[in-house]
Student: 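Have a look at this one before I ask anything.
Naming convention: chains lettered A, B, ... in sequence-line order (proteins, then strands); numbering from 1 in each chain.
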Number of protein chains: 2
Amino acid sequence: MARTPTSRSSSGKAGGVTLAMVARRAGVSPQTVSNAINAPELLRPETLERVRAAIDAMGYRPHRAAQTLRTRSSRLIGYGVQSVDVDRTTPVMDRFLHALTHTAEEAGHRILLFAVPAGSRLLAPYQELVDDYSVDGFVLSDTDRGDRRQAWLAKHHIPFTAFGRMWSDKQIGDWVDVDGAAGIGRAVDHLAERGHRKVAFLGWPRGSGAGDDRAEGWKAALRRHGLPVRGLRAESVDDVDAARTVALRLLDTGADAIVCASDTLAMGAYRALRERGLTPGDDVAVTGFDDSPAAALVSPGLTTLAQPMDVIGAECVRLLLARIAEPDREPEHILLEPRLAVRESSAPPRPLM
Amino acid sequence: MARTPTSRSSSGKAGGVTLAMVARRAGVSPQTVSNAINAPELLRPETLERVRAAIDAMGYRPHRAAQTLRTRSSRLIGYGVQSVDVDRTTPVMDRFLHALTHTAEEAGHRILLFAVPAGSRLLAPYQELVDDYSVDGFVLSDTDRGDRRQAWLAKHHIPFTAFGRMWSDKQIGDWVDVDGAAGIGRAVDHLAERGHRKVAFLGWPRGSGAGDDRAEGWKAALRRHGLPVRGLRAESVDDVDAARTVALRLLDTGADAIVCASDTLAMGAYRALRERGLTPGDDVAVTGFDDSPAAALVSPGLTTLAQPMDVIGAECVRLLLARIAEPDREPEHILLEPRLAVRESSAPPRPLM
DNA sequence: TACATTTCTTGGAACGCTCCAATGACTGAG
DNA sequence: CTCAGTCATTGGAGCGTTCCAAGAAATGTA
């Protein structure tokens with residue numbers, strides 16, 4: 001009843017509304033206000049209502065730092081941002097961050113970005129955030145063979161979820177990943193269906209988990225379709241010009257389709273084709289991986305495998321929060337299928353009229 | 001001397017090292033340890049060394065929440081992530097985030113991501129973060145006419161820096177922006193130098209600050225070069241297909257170059273050219289804006305204006321921290337010149353042999 | 001009406017740090 | 001040798017919250 005601010009909040013005072021102030025106004029103890037927020041079932045309905053009214057009227061919001069200090073939980077999720085290789089690593093990183101941010105928010109958490117030096121897999125930055133209680137856990141990405149982070153985090157009982165499975169023999173912790181082999185297989189199916197016979201693969205140098213997996217998917221699919229494999233596999237680092245060179249060699253073998261391990265490699269294939277006066281799709285089919293923005297922009301549009309970044313991000317957050325809530329639960333692994341985004345670059349081969 | 005952990009840190013105990021524990025070990029009061037960290041000049045050199053040794057030996061790191069609670073500064077910078085329009089709004093957003101993260105880190109701050117609904121300019125999410133003392137200030141982006149955030153933040157004395165100037169008459173707060181008009185002017189210079197005479201402009205619908213600015217830059221440059229303006233300006237929403245349609249009309253006017261307000265629009269122009277059997281660069285020059293990854297990938301490469309995202313991010317953080325340190329300082333505005341990344345799409349016009 | 005039981009509410013302490021004011025040690029001047 | 005004036009260090013309180021254990025009120029039972 002008294003004259004109060006318009007039920008909005010901290011506009012007026014410099015200070016800020018505290019639990020104690022709300023308590024005084026509602027005529028209860030601070031603890032009761034705390035309970036009204038964190039364990040409302042403990043309050044008598046009529047008390048609860050009175051306290052809630054006071055909270056609303058005063059626009060009270062708990063001080064995060066005070067809560068963190070007391071509960072030892074920051075409700076923050078750490079995500080390390082690499083220094084360089086901005087374009088290289090993940091052309092679709094922002095989609096991932098969006099998904100992380102939104103899913104986390106729905107669960108009352110937020111994302112804390114921190115810098116990790118260059119391509120290093122340094123543990124120090126993670127260590128720091130844990131030591132000063134800045135975060136409750138981590139989401140990792142760009143994991144690869146020889147990544148020491150999972151083992152280190154597990155050893156220190158720090159919750160984490162990785163976007164990217166463990167490629168080493170021993171599985172550590174929770175992860176979400178995309179089934180690259182299955183995706184590439186789907187691309188091969190698609191090409192075979194449209195009549196392509198010599199389906200080449202342009203991948204990364206052997207040794208990377210995801211790269212080898214995609215290559216396997218290609219080989220398995222060819223076998224399934226009874227198509228030839230020999231001499232149709234080539235390798236290049238993830239760079240357009242390097243890929244172009246290698247793609248030229250594949251064209252020399254008479255390939256009528258080139259399945260690539262990434263959109264960048266596919267763009268290299270595009271260049272090789274152009275150089276030979278050929279058109280992607282019409283003359284030789286090309287497929288990529290990632291569905292980066294460029295895939296839809298180029299002409300002809302690039303058929304490529306789209307990773308469900310929104311689902312990936314959401315699942316990463318879900319698994320992480322589950323582990324924070326229950327540190328000893330069984331590790332959970334989620335393997336998602338990429339979606340084949342069909343565009344003009346995978347048209348049927350030109351009929352040999 | 002005593003047996004101590006390997007000068008590394010929190011590996012062992014579940015708890016964690018506190019100021020008091022360090023103090024006991026160093027034989028000083030907690031306050032002195034605090035001073036050793038925050039005001040080392042107050043200590044006698046020999047004491048300082050002793051305390052530092054203890055800190056190192058025990059791997060002590062101050063508890064962030066406790067510091068935040070006491071000092072009322074979280075050392076966190078808020079950045080709102082839009083729900084949708086992921087690809088649309090800023091194709092280069094991840095570079096910006098990288099820059100923010102790294103500059104912030106160097107200054108002892110970190111970036112806190114939070115979700116803001118759809119395209120809305122809602123203030124509620126900002127309000128919340130301020131009310132619960134989660135952040136010390138904000139970096140804004142995707143500002144535009146009618147954006148209420150700056151005025152609201154200023155009114156509430158909340159520090160912020162915007163990537164994007166104020167387009168309304170009254171200037172509020174600090175901002176960093178890219179001089180779109182100058183950039184487009186540079187593109188026109190470049191084309192004129194190479195002999196293009198009918199330089200068209202493909203921009204966004206009137207009303208957006210950045211869009212109108214770029215259009216003005218085009219017009220001014222044409223005047224400067226004594227080139228014709230009439231009938232050479234067209235508008236389209238930022239979508240490849242929509243741009244394609246509009247670009248076709250520009251080609252009908254006999255334009256020999258199309259300067260675009262974005263890379264997306266430029267890709268539309270590419271399609272229009274192809275449809276007419278023309279080649280970008282060889283037949284009609286095309287330039288874009290943003291230097292999105294796609295610009296380097298397409299063939300021919302797209303000449304475009306690169307925004308120095310690393311500098312922009314760094315300056316945003318710098319201005320923000322300066323304002324946090326000194327709330328009443330004069331607002332500072334930084335206008336950066338984009339760099340013209342010349343590729344094949346702006347080759348000289350084919351000689352009329 | 002008295003007592004045991006359940007339900008609701010509260011006081012006090014603590015999380016780990018830094019603020020503030022005060023104490024002690026140390027200099028140099030009178 | 002005393003005293004004012006620095007310099008270095010310390011004690012105590014408090015930031016705003018939640019934990020814990022204990023108190024008060026309401027309910028049920030004999």
Student: To the nearest Å, give me how far apart CZ (B/R72) and P (C/dC17) are.
Tutor: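 B/R72 atom CZ is separated from C/dC17 atom P by 18 Å.
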Student: When all nucleic acid strands are considered with a 4.0 Å heavy-atom cut-off, which category describes B/N35: base, sugar-phosphate, or nothing?
Tutor: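 Base contact.
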Student: With respect to the phosphate group of D/dT18, does any side-chain polar atom (N or O) of A/Q67 fall under 4.0 Å of OP1 or OP2?
Tutor: yes
Student: Report the distance from atom CG of B/L69 to atom P of D/dT18, rounded to the nearest whole Å.
Tutor: 12 Å
Student: Would you mind reading off the distance between B/L19 atom CG and C/dC15 atom C1', rounded to a whole angstrom?
Tutor: 13 Å
Student: Holding to side-chain contact (heavy atoms from CB on, under 4.5 Å), I want the full list of residues that pass it with B/R165, two or more places apart in sequence or in another chain.
Tutor: B/W167, B/W175, B/D177, B/D213, B/L335
Student: Which atom names give the shortest non-hydrogen contact between B/G313 and B/F96, and what distance separates them?
Tutor: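 Nearest heavy atoms, B/G313 then B/F96: CA-CE1, 3.7 Å.
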Student: Over how many whole Å does the gap from B/R50 atom CZ to D/dA8 atom C1' extend?
Tutor: 12 Å
Student: Whole angstrom is fine here: how far is it from CG in A/N38 over to C1' in D/dT17?
Tutor: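 Going from CG in A/N38 over to C1' in D/dT17 covers 9 Å.
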Student: Check DNA chain C against residues 42-49 of chain A and give the residues with a non-hydrogen atom under 4.0 Å, in numerical order.
Tutor: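 DNA chain C contact set from residues 42-49 of chain A: A/L42, A/L43, A/R44, A/T47.
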Student: Examine B/Y126 together with B/F160 and report whether their ring centres are nearer than 6.0 Å.
Tutor: no
Student: Looking across every strand, which nucleic acid part, if any, lies under 4.0 Å from B/T32 by heavy atom: base, sugar-phosphate, or nothing?
Tutor: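 It contacts base atoms.
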Student: My understanding is that only residues two or more places apart in sequence, or in another chain, count here; which of them pass salt bridge (charged side-chain N to carboxylate O under 4.0 Å, His left out) with A/R75?
Tutor: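 If we apply the salt bridge (charged side-chain N to carboxylate O under 4.0 Å, His left out) test to A/R75, skipping adjacent residues, there are no hits.
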Student: Using atom CD of A/E41 as one end and atom P of C/dT6 as the other, report the distance to the nearest whole Å.
Tutor: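 Value for this atom pair: 18 Å.
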Student: Would you mind telling me which residue lines up with the more 5' stretch of DNA chain D, A/A65 or B/S29, judged by nearest nucleotide?
Tutor: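 The residue closer to the strand's 5' end, by nearest nucleotide, is B/S29.
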Student: Which heavy-atom pair separates B/V51 from B/V28 by the least distance, and what is that distance?
Tutor: CG2-CG2, 4.0 Å
Student: For A/Y79, run the side-chain contact (heavy atoms from CB on, under 4.5 Å) check against A/L113, A/V135, A/L140 and tell me which one passes.
Tutor: A/L113
Student: Give the rounded distance in Å between these two atoms: CG of B/D132 and C1' of D/dC15.
Tutor: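 Rounded to the whole Å, the gap is 15 Å.
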Student: How many whole angstroms separate atom NE2 of B/H63 from atom P of D/dT17?
Tutor: 16 Å
Student: Return yes if the base of D/dT17 and the side-chain atoms of A/R70 contain a donor-acceptor N/O pair under 3.5 Å, otherwise no.
Tutor: no
Student: What's the closest nucleotide to the side chain of B/V28 if the choices are D/dT10, D/dC15, C/dC17?
Tutor: D/dT10
Student: Measure from the side-chain N and O atoms of A/H63 to the backbone N and O of A/A65, and report whether any donor-acceptor pair falls under 3.5 Å.
Tutor: yes
Student: Hey, does the side chain of B/Y133 come within less than 4.0 Å of D/dT17's phosphate (OP1/OP2), counting only N and O?
Tutor: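 Looking at the OP1 and OP2 atoms of D/dT17, neither is under 4.0 Å from any side-chain N or O of B/Y133.
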